[in-house]
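Atoms within a ligand are numbered from 1 in the order they appear, just like the ligands themselves. We use all heavy atoms of the structure for the numbers below, so side chains are in, but hydrogens, waters and symmetry mates are not.
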Amino acid sequence: MSQKAPAPADRSAYGRDRIAEEAARLAGETVFTLHRDGWAFMEGPLTERLGLGSGICTLDIDDWHDRQHPDDMPRCNAALEAISPGNPMAVEYRIRDVNDDYVWIFSRGGVVEADDDGSWIRISGVVSDISRRKNLESKLFANEALVREALVSGKGGAWSLDLATMTGQVTGFATAIEGLGFGTDPITLDEWRAIIHPDDRKQSIENFQRMLAGEVAEVEYRMRRKDGEWIWVRNTGRVVETTADNEPQRMAGLLTNITERKSLEQRVEQVNFQLAEALKAADLAAWRYDLTRHTSTIRGALGERIGIDQANPEIDGTKWVSLVHPEDKGDVIRQVLKMAEGELDHFESIYRVKGDDGTWHWIRSTGRVVEYATDGTPKIAAGVLKDETRQIELENALAAERDRYRSTYAATPAMLHTIDREGRIVNVSDYWLTQMGYSREEVIGQVASSFLVDEDRERARLKIQPEFWRDGIIEDVPYRFRTKSGAVVDILLSAVTEKNADGEPVLAHAMLFDVTERNALHQALVEEKNRFEAIYRATPAMMHTIDPDGRIIQVSDYWLKMMGYERHEVVGRKSIEFLDPESRLRAESKNLPELFRSGQNHDLQYRFITKGGQPIDVLLNSFLERDSEGQPKASYAVITDISALRRAYDGLKRSNRELDRFAAVASHDLQEPLRKVAAFASLMRRRYSDQLDEEGRRCLEFMNDGAQRLQLLIDDLLSYSRLGNKPLRTETFDLSEAVQDAMKRLDVQIEESGARIEIESAGLVEADRPVLTQMLQNLISNGVKYRGVSPPVVRIAMHETSEGWCISVSDNGIGFEPRFAEKIFAPFQRLHSREEYPGTGIGLSIVQQGIERHGGRVEVQSTPGKGSTFVLYLPRRIETPAALTA
Ligand code: ADP
């Protein structure tokens, strides 16, 4: 019917069976008229449902066919073909409604107009919605299948009940087999009901009412067996016979023993209950996710907390995802989709879900695909949710703590490292890195012992490390580490292990102390001590050290050599054992107590006795070393052998005596004949000079002059020798007094020359007065004698220093070349001729001798033509070795 004429504008062209239509409308049915040109009209309750509109609707029969269920097409076509006048059609088929759902309809119709050969022109009829009936039928069909199954399996029984007599009959298990005890005899409805569990009776009666009303009704209840046991049965039944006036006549049904299923169900329920309890206790939730429908069921207290209604715990997948934190959504969706696509068979994620209190809960969800369709596509995934908010918060706090610890660890000014069981460094402090010269990257992951020097590495590997992992601690183990630059660092290493929950040591934290410097200091100290000892022993000086008991603990080689002992003969003995009895007495009674009291002895004169019995005269100086508490620790003595000095002194004394004798000879014995020569020469000049010729008189002059000079020389020599031999007697006096004394002795010279002597400054001095006066006299005399053209001026000045006194004598005379500054102090050394300036060259020698005997010195500064300045340095204390004066 493709080339179809358009629908007629006026449906009256098709004619209508008004009476039939009216009747159908009254019955609430839908009526139709179909013309063989392919157009139809329809009116009634179904038109709207089918999307045709309301009122009288026009429809194209081709469209109608398109909307029919394909399975029903053959039946419909057959029915249409078979229709003829007097032969109506009745067909049931499915047709798509406006929602694309199939509606079961029942179409009945008959030919209302036909052509001569009897083929139809117009069909009219009624269409009814039979969906409800069809549903019931399909259920019934299912039940019938159950009946068959029940009967076959022996678990079912059939029953029928005559509603007029209310008696019935049962077959199958309900008879003897299952022990309900009905037998084959008819039973009454009351007898039936009597063995139904009282709690279930109400349901049974309701079910009966439903069957009476025409439904296929089904109920499950308990019945008591003969032996008193309850069994669960399912009863399905319906009215199967009615009277002509449609009164129910007979019911029939099926009784199935579902005890097994029920107990299973109960067990499932119990298990579910236990599961629910367990979930509650563990604060878990169980989830089930339908991977095809994308719905999710979440059961458990946790589910409730995150807003899943536990009365109806199924929610839409998209709804669930909407509860997840935006940052975590991606991961959840990805995993779900992958499971749905079969790419992933498990689910594992930690994500945040908004709780009903508005806070975010950290949820750990694990699960897997638990059901697959027959074609292998995943259907259902299931798993558990766990609220890990607290753990994660704790973990975060812990991580923060760890971070803090890590930064402290890194920044602490100590050498720290942490190793794992393989000895690999997993953490290291910055200080470690700077001390060792490495970067963090060069160290992390390296075996700690690889930073040790070779021998230490072996020692660590073979001995120390195994013991450490066993004992859990090591303290102050000396190691030598090698820095990046190759330097060796001495380390004291202490470490402790960190154990896991099983008590297994998994990490070790080590602390390293750099003792390189300490060791170097120690080494230096040892070297210093050795050096000291070497020097001590080898120094060509007699030295010994005694302990507070006076026993020798150390002695120099020179001591041993001088005393003729071996070291072992000396060490441990008392030092006083080596003294002569007199020295020993003095040492014991006076000097040693003094040493321990004052801390030193100064220039003690002792006499040691060598192993061979020879005496050695010594000067002993010692000082005491005390410990940190001030207690005597040792006394170091340096001993000077003055035997040779003493010998020299004795020799000097001897020669001095001889010199004295010479002086006496010179003064008396030599002067006497000299005076005679001079006296007679003078006599001869007076008496015989006119008898002598010119030559003779000149010779006499020479003789006279020579005798006088010799006289002067002897006088000067005598005073030089006398001054040198007289012992010094120091006293304190005013310098100006000594200057006055000297001036008095020089008054003729001063007066003749018109010299001016000025004392610029003076004061008390400590010296041998006659000696100092003589020295001043000589210096002043020279200052006047070696004058230039201008009248001589001699200035004397004195100032005191910490060491003593400084006395200067300056003049404005002729001066001399500075290079002669030393020479002029030697006896008989002169710079000028006797003719120019008379003198013997002894005066300055006496000055030098005098100042040196005072322990001082003399210096001179001079410029020719300008004058000279002589300076005497006179020390405060005049030291003369006691040994030499004794
Ligand atoms: P003398 O004066 O008897 O020659 P001295 O020992 O006193 O002997 O002096 C040694 C020499 O030093 C003198 O001969 C003189 O040449 C020089 N001399 C000493 N004092 C002075 C002085 N004040 N000025 C210049 N020359 C001096």
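The Gln829 neighbourhood of ligand 1 comprises atoms 10 (C), 11 (C), with distances under 4.0 Å to a heavy atom of that residue. Every atom of ligand 1 with a heavy atom of Asp811 under 4.0 Å away is listed here by number and element: 23 (N). Taking a cut-off of under 4.0 Å to the non-hydrogen atoms of Ile842, the atoms of ligand 1 that pass are 6 (O), 8 (O). Heavy-atom contacts of Lys785 reach the following atoms of ligand 1: 1 (P), 2 (O), 3 (O) (cutoff under 4.0 Å). Each of the following atoms of ligand 1 lies closer than 4.0 Å to a heavy atom of Phe816: 25 (C), 26 (N). Here is the list of ligand 1 atoms found below 4.0 Å of a heavy atom in Gly839: 3 (O). Using a 4.0 Å cut-off to heavy atoms of His832, the atoms of ligand 1 that qualify are 15 (C), 16 (O), 26 (N). Listed by number with element, the atoms of ligand 1 under 4.0 angstrom from any heavy atom of Ser868 are 24 (N).
Here the heavy atom of the protein found nearest to atom 12 (O) of ligand 1 is Ile824 CG2, 3.5 Å. In terms of protein heavy-atom proximity, atom 18 (N) of ligand 1 is nearest to Tyr786 CE1, 3.7 Å. If you check which protein heavy atom lies closest to atom 4 (O) of ligand 1, you get Arg830 NE, 2.2 Å. If you check which protein heavy atom lies closest to atom 8 (O) of ligand 1, you get Gly841 CA, 3.0 Å.
Ile714 is listed as a side-chain neighbour of Leu674, based on a closest heavy-atom distance under 4.5 Å. Looking only at side-chain heavy atoms (C-beta outward), Pro770 and Asp768 come within less than 4.5 Å of each other.
Taking the six-membered ring for Trp and the full ring otherwise, Tyr565 and Phe578 have centroids separated by under 6.0 Å. Ring-centre distance between Phe820 and Phe816: not below the 6.0 Å cut-off.
Comment: Arg584 does not engage Glu588 in a salt bridge, judged by the lack of any side-chain N to carboxylate O separation of less than 4.0 angstrom. Using a 4.0 Å cut-off between charged nitrogen and carboxylate oxygen, Arg756 and Glu758 count as a salt-bridge pair.
In summary, the side chains of Tyr479 and Asp490 do not present any donor paired with an acceptor at a separation below 3.5 Å, with no hydrogens or angles considered. Counting only N and O atoms by type, the side chains of Ser583 and Asp580 include a donor and acceptor under 3.5 Å apart.
Taking each heavy atom of Val858 and Phe825 in turn, the nearest pair found is CG1-CE2, 3.7 Å. In plain terms, the two heavy atoms of Ser810 and Thr869 that are nearest each other are CB-OG1, 3.2 Å.
Heavy atoms of Gly813 come nearer than 4.0 angstrom to ligand 1 in no pair at all. Within the 4.0 Å heavy-atom shell around ligand 1 one finds Thr840.
At a 3.5 angstrom cut-off on N or O pairs, Asn782 counts as close to ligand 1. The N/O atoms of Leu844, backbone and side chain alike, include one that comes under 3.5 Å of an N/O atom in ligand 1.
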